[in-house]
Amino acid sequence: MTMRKDVEIVIENTNQKVHITPGLSLHDIARVFDIKLSHQILGAMVNNQLKELDYEIFTPKTIRFIDITHQAGMRMYQRSLFFLLQKAVRDIIPNSKVRIEHSVSRGFYCEIDGCNQSLELPLIFSICDRMREIVAADLPFRRDKVLTSDAVTIFQNAGYHDKAKLFISRPKLYTSVYYLNDISDYFFGSLVPSTGYLKVFDLVKYYDGMLLRTPKRFKPDEVEDLILQNKMFDIFQEYKDWVEILGVESVAAINKEVKNGNEGELIKISEALHEKKVASIADKIHSNADRIKVILIAGPSSSGKTTFAKRLAVHLKVNGLKPYNISLDNYFVNREDTPRDENGAFDFEALEALDINYFNNDLVKLLNGEEVDLPKFSFEQGKRFFDNTKLKIDNNGIILIEGIHALNPKLTPLIPNEKKFKIYVSALTSLSIDGVNRIPTTDNRLIRRIVRDFRYRGYSAFDTISRWESVRRGEEKYIFPFQEEADEMFNSALLLEFGILKRYAEPILQEVPSTHPEFDEAMRLLKFLSYFAPISDKEVPPTSIIREFLGGSTFSYK
């Protein structure tokens with residue numbers, strides 16, 4: 001009888017190189033070597049790819065255990081909560097199913113299909129109580145790998161028709177099916193080991209549905225603060241209603257349209273919707289042109305706000321107004337006056353990195369009909385300079401200002417509110433992979449940015465992914481708190497953009513080396529894109545927002 005040779009593993013959390021018996025699970029390894037994290041271990045990165053704790057080790061591996069403070073750990077927790085909610089709803093309302101619509105108000109807005117009673121507080125309390133009972137029972141999440149044809153049958157029998165259609169349209173031999181007692185489901189990614197891990201959550205009434213509240217990432221013993229985002233909710237719902245009217249609210253439905261050769265028509269419809277929205281905003285500004293003199297445009301990274309601003313300028317000109325663009329980049333303070341972050345690095349995204357007084361004095365002069373000598377800023381030298389660029393606003397003139405702080409009232413304190421018109425731009429997709437697996441808006445923007453950074457800034461996908469966490473922190477701090485300040489919101493998401501971006505993004509993502517922690521995120525995005533049928537961009541017009549990232553735009557971005 002041949003003895004099994006021990007396997008050498010590296011545990012990055014403790015910098016240990018140890019030997020184990022082949023077949024030991026990650027859960028057993030954490031227990032044997034007494035691995036302790038700040039919070040409960042949820043999974044592990046094995047050779048820089050996320051694995052569940054029942055994953056068994058048979059060959060040499062590098063292992064890094066993660067908790068909820070890791071972005072992959074938070075996703076595991078959220079997915080598991082979705083399954084927990086699904087189970088509780090099915091227990092309370094047989095033959096029903098939950099739809100996870102979108103992220104809003106620091107939670108997840110959900111509705112229930114097949115519910116013949118009003119979704120009011122008593123019912124929501126019953127569902128929440130049932131969720132807590134299931135958590136107390138500590139039921140395991142079980143995963144089976146089955147033939148995709150069998151998975152299709154399982155989901156059809158369970159009434160998950162969108163899910164079944166997705167796997168029919170995505171040819172894979174095997175599919176992972178998750179079970180929680182008597183119900184089955186599919187999830188785009190890993191789950192925690194059991195319901196006992198899901199002690200922190202809440203469920204509250206929200207509009208016609210309910211809001212599933214999740215833990216704070218860095219204070220996971222507390223649920224996220226409930227911040228009402230009525231305008232954000234309305235824009236999500238508007239897009240959701242629109243895709244339902246078109247019959248393309250899921251990835252499977254889009255893939256079917258592409259297969260039938262209808263992508264050109266859907267591209268035209270998406271672009272027409274954008275054009276209609278931009279024109280409507282321009283008309284609203286024009287109808288109040290006697291008082292509105294400054295347009296402030298903000299949005300997170302890769303939201304398409306630059307192209308939006310250029311398209312808005314065109315429509316303002318059609319309405320007889322003369323837009324003047326002023327770049328906030330030219331109002332940075334000199335480098336030695338730039339604030340620093342908690343790590344001592346220059347914080348160029350802080351509001352204090354801008355010379356607010358100088359900027360406001362220039363605005364006041366311009367609005368009073370005076371001519372100003374516009375500053376320029378040398379990023380190489382870190383200093384302001386002047387090159388004799390003068391600006392004076394005509395009587396029909398209107399100033400456009402685009403930047404991350406544009407909606408922050410502290411940016412323009414000397415300008416009366418009635419003279420300002422504030423616009424928030426973001427890619428707010430309400431598309432769902434299958435009704436439960438939602439498409440995060442951050443993924444939409446990250447894929448856009450990966451393509452743009454590679455094509456126009458010389459950055460690899462590794463570079464972009466490694467910076468993304470920092471970018472997101474800046475957005476949480478400087479942009480998102482002011483979303484509801486907007487007078488108008490513009491949704492820059494395009495119906496078919498994932499299929500279009502897929503052809504550009506996949507080869508870039510495939511270059512991320514497996515030796516880096518960013519490898520798991522690259523693989524996650526590649527898996528996500530694999531659900532979409534590829535679409536040519538030949539019918540995408542040169543004024544489209546997506547051209548800002550793909551190239552081929554008739555607008556200049558210098």
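Sequence positions, counted from 1, serve as the residue numbers for this chain. Bear in mind that the values here come from a model prediction, so they are computed numbers and not experimental data.
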Expected output: side-chain Asn319 to main-chain Leu321 donor-acceptor under 3.5 Å: no
Pair Ser105-Tyr206, side-chain donor/acceptor within less than 3.5 Å: yes
I need the full list of salt bridge (Lys or Arg N to Asp or Glu O under 4.0 Å) pairs touching residues 443-469, with sequence neighbours left out, sorted by first then second residue. Arg217-Glu469, Asp443-Arg524, Arg445-Glu475, Arg448-Glu497, Arg449-Asp453, Asp453-Arg457
For Phe308, the ring pair (Phe, Tyr, Trp, His ring centres under 6.0 Å) test, sequence neighbours excluded, returns Phe490
Can you tell me which residue pairs pass the salt bridge (Lys or Arg N to Asp or Glu O under 4.0 Å) test with a partner in residues 541-556, sequence neighbours excluded? Asp537-Arg547
Counterpart residues, ring pair (Phe, Tyr, Trp, His ring centres under 6.0 Å), relative to Tyr207 (two or more places apart): Phe233
How would you list, by chain and number, every residue that makes a salt bridge (Lys or Arg N to Asp or Glu O under 4.0 Å) with Lys410, sequence neighbours excluded? none
Which class fits the ring pair Phe532 and Phe528: parallel under 30°, tilted 30 to 60°, perpendicular over 60°? perpendicular
Residues, nucleotides or ligands: over 12 heavy atoms within 6.0 Å of Asp290 CG: yes
Contacts table for residues 476-483: side-chain donor-acceptor under 3.5 angstrom, sequence neighbours left out:
from: Tyr478; atom 1: OH; to: Asp347; atom 2: OD2; distance (Å): 2.9
from: Gln483; atom 1: OE1; to: Gln229; atom 2: NE2; distance (Å): 2.7
from: Gln483; atom 1: NE2; to: Tyr424; atom 2: OH; distance (Å): 3.0

Hey, are the side chains of Tyr557 and Tyr456 touching, using non-hydrogen atoms and a 4.5 Å cut-off? no
List in chain and number order the residues that pass ring pair (Phe, Tyr, Trp, His ring centres under 6.0 Å) with Trp468, two or more places apart in sequence or in another chain; answer none if no residue qualifies. none
For Lys216, is there an ion pair with Glu222 - N to carboxylate O distance below 4.0 angstrom? yes
Write out all pairs satisfying salt bridge (Lys or Arg N to Asp or Glu O under 4.0 Å) with one or both partners inside residues 330-340, taking only residues at least two apart or from two chains. Glu336-Lys383
For Lys277, enumerate each residue passing the salt bridge (Lys or Arg N to Asp or Glu O under 4.0 Å) test, keeping only those at least two apart in sequence or located in another chain. Glu238
By the salt bridge (Lys or Arg N to Asp or Glu O under 4.0 Å) test, which pairs, at least two apart or in different chains, include something from residues 310-334? Glu271-Arg311, Glu275-Arg311, Lys322-Asp394
Mind checking whether Thr307 and Phe549 have side chains closer than 4.5 Å, heavy atoms only? no
Under the rule for ring pair (Phe, Tyr, Trp, His ring centres under 6.0 Å), what residues qualify as partners of His286, not counting sequence neighbours? none
Taking the side chain as everything from C-beta on, heavy atoms only, tell me whether Leu411 gets closer than 4.5 Å to Tyr331. no
Please report the C-alpha distance between Phe332 and Phe379 in whole Å, then the side-chain angles of each, then the deciding distance to 0.1 Å, and finally whether the ring-ring contact (aromatic ring centres under 6.0 Å, His included) criterion is met. CA-CA 9 Å; Phe332 276 112; Phe379 287 92; 5.6 Å; yes
Minimum side-chain heavy-atom gap Pro413-Ile356 below 4.5 Å: yes
Would you mind reporting whether Ile297 and Leu312 have side-chain heavy atoms less than 4.5 Å apart? yes
For a 4.5 angstrom cut-off between non-hydrogen side-chain atoms, does Leu316 reach Leu400? yes
Report, one line per pair, each donor and acceptor closer than 3.5 Å where one atom sits in a side chain of residues 364-378; sequence neighbours left out.
from: Asn368; atom 1: ND2; to: Val364; atom 2: O; distance (Å): 3.2
from: Lys376; atom 1: NZ; to: Asp387; atom 2: OD2; distance (Å): 3.0
from: Ser378; atom 1: OG; to: Gln381; atom 2: N; distance (Å): 3.1

